[in-house]
Amino acid sequence: KQNGLLTVHRYAAIIFSPFILLSLVIAVGLTHPRLLDKLSQQFYPSLTIPSISLNEPIQQGSWDQALKLAELATGKVGHVITTESDHVINVQAFEEHSHDLAVAKVNPHPQLLINTDTMQIVRVQDKNTSLLSKAHSIHGFRLGGISWLSLSVLTASGLSILVLSGIGLVWCYSREQHSYTKPAQWHVRIGVAIAGVIVIVVMTTLDLEFALFGRVDKTATHSIPAVQLSEPIKAGSIDQARQLAGLAIGVLPKSAFIRGGGADIKFSEVGDGIGGKSVWMDANKMTLNRITDWHNDK
């Protein structure tokens, strides 16, 4: 029994180590998106910046004007705004989102970095060459389109086998009062120390992949405060919608995901839209529909 567990433990380590190491690298990258963006900008110079400008007075910090500028440059409307720095935003997603890989592959994916103080395009880049996009692609890749053949699931499976077989070996050795070599002692100590963390990683990964603990509750929301703008409503204005969302959560959002021509917008208080508080609202009617944060947003 002990020899069998040892064989399983060894072969699982050999087979799954590449997936675990790659997952570790991807995890570090995806949790430090600004670092990856800066590295991308060093590796890939800006594409040609179009010589265009708005024929109206500049409103510093206006996302409405930034969207107009991006539309002049691309001929299309951007659906996503993220924040690069205090004065620079990234306007992207000029095509309708598609889960069809063939469509997504041929769609152009320009990203325009716009200085909202001067309303000038300071950089044009292709999302396909972004290290952050490549990390997302590797993380979300499904071999043969099969949901359970992804990097995260393979990593979670490997970690599960290693933890279970490791626990079995420690239990067997303790019953036999087996003596460890010095390297084996440290292996066991480290394994025991991180076992709890690994279990959390495995369970959350499998839940996000297969909804083990139920689907996301789309109706879950914090109480929506009775806030309103002190100026006439401009239907569809991203700036006004952003101000209203800021009043609701106490901080001006740093990212926006625009759907349905402004009828369905998600504002987030963080620059890349992942984490913190989020506000779902209708910019055409200036109504708040849902507020979440990491506590109730799966």
Participant: Give me the atom names and distance for the closest heavy-atom approach of H87 to D117.
Facilitator: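 Taking every non-hydrogen atom into account, ND1-OD2, 2.8 Å.
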Participant: Answer whether the closest heavy-atom distance between the side chains of I81 and L67 falls below 4.5 Å.
Facilitator: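 Yes, side chains in contact.
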Participant: Got a donor-acceptor contact below 3.5 angstrom from the T83 side chain to the K254 backbone?
Facilitator: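 Checking the backbone N and O of K254 against the side chain of T83, a donor-acceptor pair under 3.5 Å is found.
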Participant: Suppose the criterion is salt bridge (charged side-chain N to carboxylate O under 4.0 Å, His left out): which pairs have a residue in residues 66-75, not counting sequence neighbours?
Facilitator: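 Every pair satisfying salt bridge (charged side-chain N to carboxylate O under 4.0 Å, His left out) with a residue in residues 66-75: E56-K68.
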Participant: Treating S46 as the side-chain partner and V124 as the backbone partner, does any N or O pair qualify as donor plus acceptor under 3.5 Å?
Facilitator: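 Yes: the side chain of S46 pairs with the backbone of V124.
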Participant: At what distance, to the nearest 0.5 angstrom, does CZ of F267 lie from CZ of F257?
Facilitator: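 Answer rounded to 0.5 Å: 11.0 Å.
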Participant: Can a donor-acceptor pair be found, under 3.5 Å and without considering hydrogens, that links the side chain of D207 to the backbone of L212?
Facilitator: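 Answer holds: yes.
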Participant: Looking at every heavy atom in both G61 and D239, which two are closest together, and how far apart are they?
Facilitator: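 For G61 and D239, the tightest heavy-atom pair comes out as O-OD1, 4.4 Å.
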Participant: Flag the pair V153 / F210 as yes when at least one side-chain heavy-atom distance between them is below 4.5 Å, and no otherwise.
Facilitator: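 Yes, their side chains come closer than 4.5 Å.
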Participant: Going by heavy atoms in the side chains, are V91 and I114 under 4.5 Å from each other?
Facilitator: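 Yes, side chains in contact.
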Participant: Going by the rule side chain to side chain donor-acceptor pair (under 3.5 Å), which residues pair with S51 if we only count those two or more places apart in sequence or in a different chain?
Facilitator: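 Side chain to side chain donor-acceptor pair (under 3.5 Å) list for S51, sorted by chain: empty.
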Participant: So does K76 get a backbone contact from the side chain of T74, meaning a donor-acceptor N/O pair under 3.5 Å?
Facilitator: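 Yes, the answer is positive, given that a donor and an acceptor are paired below the 3.5 Å cut-off.
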Participant: Do the non-hydrogen side-chain atoms of N289 and T287 ever get within less than 4.5 Å of each other?
Facilitator: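 Side-chain contact under 4.5 Å: yes.
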Participant: Can you name the residues that form a ring-ring contact (aromatic ring centres under 6.0 Å, His included) with Y173, not counting sequence neighbours?
Facilitator: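 Listed in chain order: H178, Y180.
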Participant: Is any NZ, NE, NH1 or NH2 atom of the basic residue among R142 and E209 found under 4.0 Å from an Asp or Glu carboxylate oxygen of the other?
Facilitator: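 The answer is yes: the pair qualifies as a salt bridge.
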Participant: I'd like to check the side chain to side chain donor-acceptor pair (under 3.5 Å) partners of D264; sequence neighbours left out, ordered by chain and number.
Facilitator: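 Side chain to side chain donor-acceptor pair (under 3.5 Å) list for D264, sorted by chain: empty.
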Participant: Would you list the pairs meeting salt bridge (charged side-chain N to carboxylate O under 4.0 Å, His left out) in which at least one residue belongs to residues 9-38, sequence neighbours left out?
Facilitator: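 Residue pairs passing salt bridge (charged side-chain N to carboxylate O under 4.0 Å, His left out), neighbours aside: R34-D37.
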Participant: Can you tell me which residue pairs pass the salt bridge (charged side-chain N to carboxylate O under 4.0 Å, His left out) test with a partner in residues 118-127, sequence neighbours excluded?
Facilitator: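 The answer is none; no pair qualifies.
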Participant: So, does S255 use its side chain to make a donor-acceptor pair with the main chain of V270 at under 3.5 Å?
Facilitator: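 Yes: the side chain of S255 pairs with the backbone of V270.
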Participant: Under the rule for salt bridge (Lys or Arg N to Asp or Glu O under 4.0 Å), what residues qualify as partners of R189, not counting sequence neighbours?
Facilitator: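 R189: no salt bridge (Lys or Arg N to Asp or Glu O under 4.0 Å) contacts found.
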Participant: By the salt bridge (charged side-chain N to carboxylate O under 4.0 Å, His left out) test, which pairs, at least two apart or in different chains, include something from residues 147-168?
Facilitator: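 Sorted pair list comes back empty.
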Participant: Provide the closest heavy-atom pair for L72 versus S53 in the form atom of the first, atom of the second, distance.
Facilitator: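 Closest heavy-atom pair between L72 and S53: CD1-O, 4.0 Å.
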Participant: With a 3.5 Å distance limit and no angle check, can you tell me whether E269 reaches the backbone of K277 through a side-chain donor-acceptor pair?
Facilitator: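 Checking the backbone N and O of K277 against the side chain of E269, a donor-acceptor pair under 3.5 Å is found.
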Participant: Going by the side-chain hydrogen bond (donor to acceptor under 3.5 Å, both in side chains) test, which pairs reach into residues 240-252, not counting sequence neighbours?
Facilitator: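 For residues 240-252: E231-Q240.
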Participant: Which donor-acceptor pairs under 3.5 Å do the side chains of residues 21-33 make with protein atoms, sequence neighbours left out?
Facilitator:
from: S23; atom 1: OG; to: F19; atom 2: O; distance (Å): 3.0
from: S23; atom 1: OG; to: T155; atom 2: OG1; distance (Å): 2.6
from: T31; atom 1: OG1; to: A27; atom 2: O; distance (Å): 2.7
from: T31; atom 1: OG1; to: V28; atom 2: O; distance (Å): 3.1
from: H32; atom 1: ND1; to: V28; atom 2: O; distance (Å): 2.9

Participant: So I291 and I249, do their side chains get closer than 4.5 Å, heavy atoms only?
Facilitator: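 In contact.
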Participant: Ignoring hydrogens, what is the shortest heavy-atom contact between A283 and I265? Give both atom names and the distance.
Facilitator: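 Closest pair (atom of A283, atom of I265, distance): CB-CD1, 3.5 Å.
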Participant: Applying side chain to side chain donor-acceptor pair (under 3.5 Å), name anything that partners S165, two or more places apart in sequence or on another chain.
Facilitator: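 Result, side chain to side chain donor-acceptor pair (under 3.5 Å) vs S165: H9.
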Participant: With sequence neighbours excluded, what pairs up with N284 under the side chain to side chain contact (heavy atoms under 4.5 Å, CB included) test?
Facilitator: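 So N284 forms a side chain to side chain contact (heavy atoms under 4.5 Å, CB included) with A263, D282.
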